[in-house]
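One structure below.
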Amino acid sequence: MESMVKDMALAPSGEDKINWVKNFMPVMRAIDEEYSKTKPFAGKTIVITLHLEAKTAYMAQVFMHAGAKVAVTGSNPLSTQDDVAAALAKSGVYVFATHGCTSEEYDMYINKALDLEPDFVMDDGGDTVHMLHTKRRELLPKILGGSEETTTGVIRLRALEKAGELEFPMIAANDAYCKFLFDNRYGTGQSTWDGIMRTTNLVISGKTVVIAGYGWCGKGGAMRAKGLGANVVITEVDPIKAIEAVFDGFRVMPMDEAAKIGDIFLTLTGDKDVIVDRHFKVMKDGAMMANSGHFDVEINIPQLEALSVSRKTVRNNIEEFKQKDGRKLYLLAEGRLVNLAAGDGHPAEIMDLSFAVQFFSALHIVNHYKELSKGVHLMPEEINTKIAEMKLASIGVTIDTLTEEQAKYLALN
Ligand code: ADE
């Protein structure tokens with residue numbers, strides 16, 4: 001089967017990008033070194049549906065070096081980088097992804113990858129698992145299991161499990177400490193503001209930034225906005241997270257109030273209709289909106305369009321929506337993940353941890369699928385510890401160890 005990418009001639013630039021991030025992914029390099037010798041995935045086919053940028057490409061290559069036949073599709077039409085896709089295809093991985101593809105093409109690419117009849121699927125957002133449970137059910141018997149990268153995908157998986165319909169074991173990679181504590185918080189925190197700043201070329205300091213959602217991603221977005229000098233306002237539906245935001249030093253209020261005062265709005269809730277028509281109607285002239293949640297449903301764009309007298313692109317990744325009263329509202333990156341659609345995703349040092357979680361989750365499934373029930377599982381705790389130890393070693397940080405007496409005191413064995 002042939003890969004489907006935009007242009008193979010773009011490969012040299014993609015190779016440079018992959019080589020760059022590899023320098024900052026020491027845990028993945030150690031995994032590459034060890035498992036390219038033992039090849040634990042020999043004879044196995046892995047389908048990876050993830051944001052196809054340089055870190056993802058390196059992870060796919062690590063699986064290939066570890067013996068797997070690997071196919072990669074993107075998990076969002078705007079996050080695929082065509083040069084990286086070409087470089088990855090050139091290196092021997094099957095790639096089915098193009099930047100800006102239509103939703104029909106997006107589904108077709110997932111189907112093409114699934115035609116390779118995977119033993120393991122790695123998903124980001126749940127689209128491939130959904131496809132397997134609906135249109136490609138004939139492939140279910142061969143699947144040993146899979147893993148899910150993101151909060152939204154884990155929510156979809158748990159719903160499937162609750163309905164008794166999940167047909168194989170899935171590891172919620174997102175819920176591993178070595179993933180969400182760092183990727184969702186520091187990764188999203190930095191990459192989101194990187195995407196917003198490089199797109200707008202505007203100052204954040206002194207602006208009122210409204211962050212919708214105070215989960216791990218929202219916490220990261222808020223923390224970095226504060227560090228950049230913004231006046232941060234949080235909107236929440238969960239009373240406990242709202243208290244957390246208050247004690248972290250932020251103002252908390254409903255979106256109906258925040259809509260009137262925000263200069264920049266950022267949604268990270270995972271839910272739809274967070275910013276809707278009644279909010280657009282009261283926003284200040286020049287207000288900007290961006291989303292870092294998985295799907296482009298948090299800002300209701302059809303309602304925004306219906307209220308507007310014109311919609312036009314005024315700068316790469318910025319659309320202006322002119323209102324009847326003359327106010328101009330701006331939407332970044334079509335309301336899709338601003339950190340990936342208008343940036344390069346999370347920093348390499350962070351994805352080093354996330355992708356180590358993914359690698360060991362896949363290895364766990366391949367070694368233990370017979371003992372694992374159909375359903376959502378956590379990555380075993382000792383693997384989190386192992387990854388954390390590998391990361392600390394790679395950055396030259398040492399820590400204390402318990403004495404025997406201390407261990408006894410804590411009733412550890
Ligand atoms: N790079 C690859 N996958 C990513 C993700 N889920 N979030 C941010 N950056 C990424």
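Just so you know, ligand 1 is whichever comes first in the structure, and atom 1 is the first atom listed for that ligand.
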Counting only nitrogen or oxygen atoms and a 3.5 angstrom limit, does Asp183 reach ligand 1? no

Between Asn174 and Thr150, do the side chains contain an N or O donor and an N or O acceptor separated by less than 3.5 Å? no

Side-chain H-bond candidate by donor/acceptor type, Gln303 with Asp273, under 3.5 Å: no

Residue selection (non-hydrogen contact nearest atom 8 (C) of ligand 1) among His294, His346, Met59: His346

So which of Lys179, Met351, Gln358 gets nearest to atom 3 (N) of ligand 1, if we judge by its closest heavy atom? Met351

Using a strict 4.0 Å cut-off to heavy atoms of Gly345, name the atoms of ligand 1 that fall inside it. 9 (N)

Quick one: which ligand 1 atoms are inside 4.0 Å of a heavy atom on Leu50? 3 (N)

For the residue pair Lys272 and Phe295, would you count it as a cation-pi contact if the rule is NZ or CZ under 6.0 angstrom from the ring centre and within 45 degrees of the ring axis? no

Qualifying residue for side-chain contact (heavy atoms from CB on, under 4.5 Å) with Ile31, from Phe360, Phe63, Phe355: Phe360

Checking salt bridge (Lys or Arg N to Asp or Glu O under 4.0 Å) for the pair Arg158/Asp175: CA distance, chi angles, key distance, verdict? CA-CA 12 Å; Arg158 292 203 194 278; Asp175 295 359; 3.0 Å; yes

Is ligand 1 under 4.0 Å from a heavy atom in the side chain of [X], in the backbone, in both, or in neither?
X: Leu340; answer: side chain
X: Asp124; answer: side chain
X: Thr188; answer: neither

Roughly how far apart are Arg185 CZ and Phe180 CZ, rounded to 0.5 Å? 8.5 Å

Spacing of CD belonging to Glu53 relative to NZ belonging to Lys17, to within rounding of 0.5 Å: 9.0 Å

In terms of relative ring orientation, are Tyr35 and Phe359 parallel, tilted or perpendicular, with 30° and 60° separating the classes? tilted

Suppose we measure from atom 5 (C) of ligand 1 to each protein heavy atom; which comes out shortest, and what is that distance? His51 CD2, 3.6 Å

Suppose we measure from atom 1 (N) of ligand 1 to each protein heavy atom; which comes out shortest, and what is that distance? Glu53 OE2, 2.4 Å

Run the contact test for Thr56 against ligand 1 with a 4.0 Å cut-off on heavy atoms, strictly below, and give the result. yes

Does Lys55 come within less than 4.0 Å of ligand 1, judged by its heavy atoms? no

